[in-house]
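The figures here come from the full heavy-atom set of this structure, side chains too, leaving out hydrogens, waters and symmetry mates. Heads up: numbering here begins at 1 and tracks the sequence. Because the structure is a prediction, the values reported are computed rather than measured.
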Amino acid sequence: SSDNPKTESGDAYLNLLNKISEVPPDYRNKFKGFSQCSIAVLSELTGLAEHSAARAKERQFSEPGIWSGNSEELEVFRSFLKEQGITSQKGGRFLTLSFGFDKVDRMQEIRSKHRSGEQVRFCVALGDAPNDVAMLRAADIGIIIPNPSHNGIEELAAERHGKIMRASRPGPQGWNEAVLYVLDKANKGE
């Protein structure tokens, strides 16, 4: 309807959810995506405050979720998804489904959309799981956030050169600490 026009990203997300729903129920039912969670449940799963969990539900291109089946069932689930053009990436706690775009693609898209002259001086990426490594490497500054719920990210060569650093605290506290540190250095022209 004209009262609620769909955006290109909204169409992509609805298309993704429709394709996921076509997976046979025996496998589809073992994946609980963010779209299926209430804000309260998502807050509990992610550790986010409810207002942040509500924002996390506002998806455009991907559907993170929890996989409850075994590894063999996951391979079958992934094969059904692959037939639909959907890729899946395992992060720290979540399995994220999308139409082949990864975090680096999205970061570069955002970067180019917001670049005008010299206004965008650098791009900072933060991550806490192995599926974030490519994004951390592609950013001007990568920040690894500790995550006690899994093994996290092994030491990366770029850490020795200062291009990638580690926050000392996990979760939102580590994110806040790292971003304030980067902003402080940028304000000082370092």
Side-chain angles (χ1 to χ4, degrees), residues 4 6-110 125-136 138-139 142-154 167 170-175:
N4 188 15
K6 290 181 181 177
T7 63
E8 181 181 333
S9 59
D11 287 344
Y13 183 61
L14 290 176
N15 188 26
L16 177 64
L17 294 181
N18 287 335
K19 295 293 185 187
I20 294 167
S21 73
E22 293 174 11
V23 173
D26 286 351
Y27 300 96
R28 182 186 69 236
N29 292 339
K30 291 179 173 37
F31 176 78
K32 183 170 187 170
F34 279 20
S35 64
Q36 298 170 281
C37 297
S38 68
I39 291 171
V41 167
L42 191 56
S43 176
E44 189 177 319
L45 282 174
T46 61
L48 295 170
E50 288 203 1
H51 68 277
S52 297
R55 291 198 61 197
K57 279 182 65 74
E58 295 171 10
R59 310 305 304 173
Q60 294 182 352
F61 300 103
S62 65
E63 176 72 343
I66 298 285
W67 178 255
S68 62
N70 63 38
S71 57
E72 291 81 16
E73 292 166 326
L74 177 58
E75 288 311 308
V76 175
F77 180 68
R78 284 177 154 169
S79 70
F80 280 113
L81 294 172
K82 190 174 182 179
E83 289 174 15
Q84 300 294 328
I86 298 171
T87 60
S88 59
Q89 283 194 315
K90 185 79 172 96
R93 296 181 59 206
F94 301 108
L95 179 67
T96 301
L97 312 180
S98 68
F99 281 115
F101 296 104
D102 62 18
K103 293 178 182 188
V104 174
D105 296 326
R106 293 296 173 215
M107 184 178 71
Q108 301 297 14
E109 182 181 297
I110 291 167
L126 295 94
D128 71 348
N131 69 327
D132 295 320
V133 169
M135 176 185 66
L136 293 167
I143 301 169
I144 299 170
I145 306 296
N147 189 334
S149 70
H150 59 79
N151 293 334
I153 299 172
E154 293 182 14
Q173 295 85 11
W175 189 97

Test side-chain contact (heavy atoms from CB on, under 4.5 Å) applied to Ile66 - qualifying residues, sequence neighbours left out: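 Ile66 satisfies side-chain contact (heavy atoms from CB on, under 4.5 Å) with Leu45, Phe94 only.
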
side-chain contact (heavy atoms from CB on, under 4.5 Å) partners of Glu73, counting only residues at least two apart: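 Glu73 satisfies side-chain contact (heavy atoms from CB on, under 4.5 Å) with Tyr27, Lys30, Trp67, Asn70 once adjacent residues are dropped.
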
Those residues that, when tested against Ser79, pass side-chain hydrogen bond (donor to acceptor under 3.5 Å, both in side chains) (two or more places apart):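 With neighbours one apart ignored, the set is empty.
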
Are any non-hydrogen side-chain atoms of [X] and [Y] less than 4.5 angstrom apart?
| X | Y | value |
| --- | --- | --- |
| Pro170 | Asn147 | no |
| Val23 | Leu81 | yes |
| Pro64 | Phe34 | yes |
| Ile153 | Leu136 | yes |
| Phe99 | Thr87 | no |

Just verifying a value: how many Å separate [X] [atom1] and [Y] [atom2], rounded to the nearest 0.5 Å?
| X | Y | atom1 | atom2 | answer |
| --- | --- | --- | --- | --- |
| Lys19 | Glu22 | NZ | CD | 5.0 Å |
| Glu50 | Leu42 | CD | CG | 10.0 Å |
| Trp175 | Ile143 | CH2 | CD1 | 9.0 Å |
| Asn15 | Gln84 | CG | CD | 9.0 Å |

Pairs flagged by side-chain hydrogen bond (donor to acceptor under 3.5 Å, both in side chains) wherever residues 31-41 is involved - sequence neighbours left out: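 Listed by first then second residue: Ser35-Glu63.
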
Which heavy-atom pair separates [X] from [Y] by the least distance, and what is that distance?
| X | Y | result |
| --- | --- | --- |
| Ala139 | Ala125 | CB-CB, 3.6 Å |
| Leu97 | Ile20 | CD1-CD1, 3.5 Å |
| Ala167 | Ile145 | CB-CD1, 3.8 Å |
| Thr96 | Ser62 | CG2-CB, 3.7 Å |
| Ser21 | Arg28 | O-NH1, 2.6 Å |
| Phe80 | Pro24 | CZ-CG, 3.5 Å |

Residue pairs passing the salt bridge (charged side-chain N to carboxylate O under 4.0 Å, His left out) test where at least one lies in residues 127-136, sequence neighbours excluded: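 Output for this query lists Lys103-Asp132.
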
Pairs flagged by salt bridge (charged side-chain N to carboxylate O under 4.0 Å, His left out) wherever residues 74-91 is involved - sequence neighbours left out: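 Salt bridge (charged side-chain N to carboxylate O under 4.0 Å, His left out) check on residues 74-91 returns Glu75-Arg78.
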
Asn18 side-chain N/O to Leu14 backbone N/O, donor-acceptor pair under 3.5 Å: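 Side chain of Asn18 to backbone of Leu14, a donor-acceptor pair under 3.5 Å: yes, one is there.
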
